[in-house]
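This report concerns only the one structure given below.
Because the structure is a prediction, the values reported are computed rather than measured.
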There are 2 protein chains.
Amino acid sequence: MDKTVNSRRTLGEWMRQCREARQLPLRKVAAHLDVDTSIVAKMEKGQRHPNRIHLQRLAELFDEPFDDVLVLYLSDRVAYELASERCSDDVLRVAEEKIKYLRSKNVKQGELEF
Amino acid sequence: MDKTVNSRRTLGEWMRQCREARQLPLRKVAAHLDVDTSIVAKMEKGQRHPNRIHLQRLAELFDEPFDDVLVLYLSDRVAYELASERCSDDVLRVAEEKIKYLRSKNVKQGELEF
DNA sequence: GAATTTTGGACAAATAATGTCAATTATTCA
DNA sequence: TGAATAATTGACATTATTTGTCCAAAATTC
């Protein structure tokens, strides 16, 4: 649970730390992701979201398991969405139940349609 | 936590149950929300998301505390987003920490910008 | 079986997200 | 210092996504 990658850090901060640890300029990461430098700068600040392909490339570039990066990414989305809401704890607990519920419902129907 | 409203039910299912309990046609709810009937039908199936104003009107129409409806709504969004991901449990736990982190960061900066 | 209700899809309008570019600011280091 | 490189920022066009309306077809009710 307290994996080094994911604990109390945003995806952007993880990116920046990885990049600086390797002394790479934004340009290099940008080239690897095949986007403009400014996009990477914004990603590191949480102002832009990488897509799945970006995540894969980040994982390979920074030598991190893809799943960990994915968790980092998804939890970012949830966190940014809920950070300004008073009731975020309730939301997370209810969401956990609801996910189970949705899955069981879809298993019953034999189809996945999220 | 296990409030009647929120436990293991989607927002749409809650809407439908409330509506049927009162024997209202979609038309009536639609009028109250000021949208087309088909939108309400889709909301009940989770194919359309109500906005904040809709939530307020739903709360008053079905006589439910607004905050409960809000939790129902937000947890729906999270659940639909994560239901198809393998690692949703990790995501929720990391997200919880991250929310605290984001808040403390923004408190320090003295500004809210989510 | 007529009237009402519900469902679903096509469509246009509104909104949000994405990436490129260029200009400005900051940092590095010779 | 000052030239070169790096980082930040905002404007902009483009693309996706979301939203609601309208309409026609099913389904339900009575």
Scan A:Thr37 against the nucleic acid and name what it touches under 4.0 Å (heavy atoms): base, sugar-phosphate only, or nothing.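 No contact at all - A:Thr37 keeps every heavy atom at 4.0 Å or more from the nucleic acid.
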Would you classify B:Lys45 as touching base, sugar-phosphate or nothing, given that sugar-phosphate means primed atoms plus P, OP1 and OP2, and contacts are heavy atoms under 4.0 Å?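 Sugar-phosphate, no base atom in range.
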Counting only non-hydrogen atoms, which of residues 23-30 of chain A are less than 4.0 Å from DNA chain D?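 Heavy-atom cutoff 4.0 Å gives A:Pro25, A:Leu26, A:Arg27.
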Have A:Tyr101 and B:Glu13 got a donor and an acceptor in their side chains that come within less than 3.5 Å?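 Yes, because at least one side-chain N or O of A:Tyr101 sits under 3.5 Å from a partner of the opposite role on B:Glu13.
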Under a 3.5 Å threshold, yes or no: a donor from one side chain and an acceptor from the other, between A:Arg93 and A:Ser88?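 A:Ser88 and A:Arg93 do not have a side-chain donor-acceptor pair below 3.5 Å.
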For the pair made of [atom1] in [X] and [atom2] in [N], what is the distance, rounded to whole Å?
| X | N | atom1 | atom2 | value |
| --- | --- | --- | --- | --- |
| A:Met15 | D:dT8 | CE | C1' | 15 Å |
| B:Asp34 | D:dG20 | CG | P | 10 Å |
| A:Ile39 | D:dT14 | CD1 | P | 16 Å |

Taking B:Lys98 for the side chain and A:Tyr80 for the main chain, is one N or O donor matched with an acceptor at less than 3.5 Å?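 Not a single qualifying donor-acceptor pair exists.
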When you list every nucleotide of DNA chain C with an atom under 4.0 Å from a heavy atom of chain B, which one comes first 5' to 3', and which comes last?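 Going 5' to 3' along DNA chain C, contacts run C:dT5 to C:dG9.
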Under the side-chain contact (heavy atoms from CB on, under 4.5 Å) rule, collect the residues that match up with A:Lys45, sequence neighbours excluded.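 Partners of A:Lys45 under the side-chain contact (heavy atoms from CB on, under 4.5 Å) test: A:Gln47.
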Results of side-chain contact (heavy atoms from CB on, under 4.5 Å) for A:Leu33 - residues two or more places apart only: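 Applying side-chain contact (heavy atoms from CB on, under 4.5 Å) to A:Leu33 gives A:Val29, A:Val35, A:Val40, A:Met43, A:His54, A:Arg57, A:Leu58.
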Looking at DNA chain C, which of residues 51-62 of chain B put a heavy atom within less than 4.0 Å of it?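 Of all residues in residues 51-62 of chain B, none places a heavy atom under 4.0 Å from DNA chain C.
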Taking the side chain as every heavy atom from C-beta outward, state whether B:Asp68 and A:Asp90 have any atom pair closer than 4.5 Å.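 Answer no - side chains too far apart.
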Hey, are the side chains of A:Leu70 and B:Cys87 touching, using non-hydrogen atoms and a 4.5 Å cut-off?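 Yes, their side chains come closer than 4.5 Å.
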What's the shortest heavy-atom distance between A:Arg9 and A:Trp14, and which atoms?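 Where A:Arg9 meets A:Trp14 most closely, the heavy atoms are NH2-CD1, 3.6 Å.
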Which residue lies toward the 5' end of DNA chain D, B:His49 or B:Ser38, if each is placed at its nearest nucleotide?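 Of the two residues, B:His49 wins.
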Here's a test of your reading of the structure: between A:Arg48 and B:Asp36, which maps to the more 5' nucleotide of DNA chain C?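 Looking at DNA chain C, the more 5' nearest nucleotide goes with B:Asp36.
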Output, in order, the C-alpha distance, side-chain angles, deciding distance and verdict of salt bridge (Lys or Arg N to Asp or Glu O under 4.0 Å) for B:Arg52 and A:Glu85. CA-CA 13 Å; B:Arg52 299 280 163 146; A:Glu85 301 290 345; 2.8 Å; yes
Sequence neighbours excluded - salt bridge (charged side-chain N to carboxylate O under 4.0 Å, His left out) pairs with any residue from residues 15-25 of chain A: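 The answer is A:Arg16-A:Glu44, A:Arg19-A:Glu44.
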Gap separating the CG atom of A:Asp76 from the CD atom of A:Glu81, nearest 0.5 angstrom: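 So the gap between those two atoms works out to 12.0 Å.
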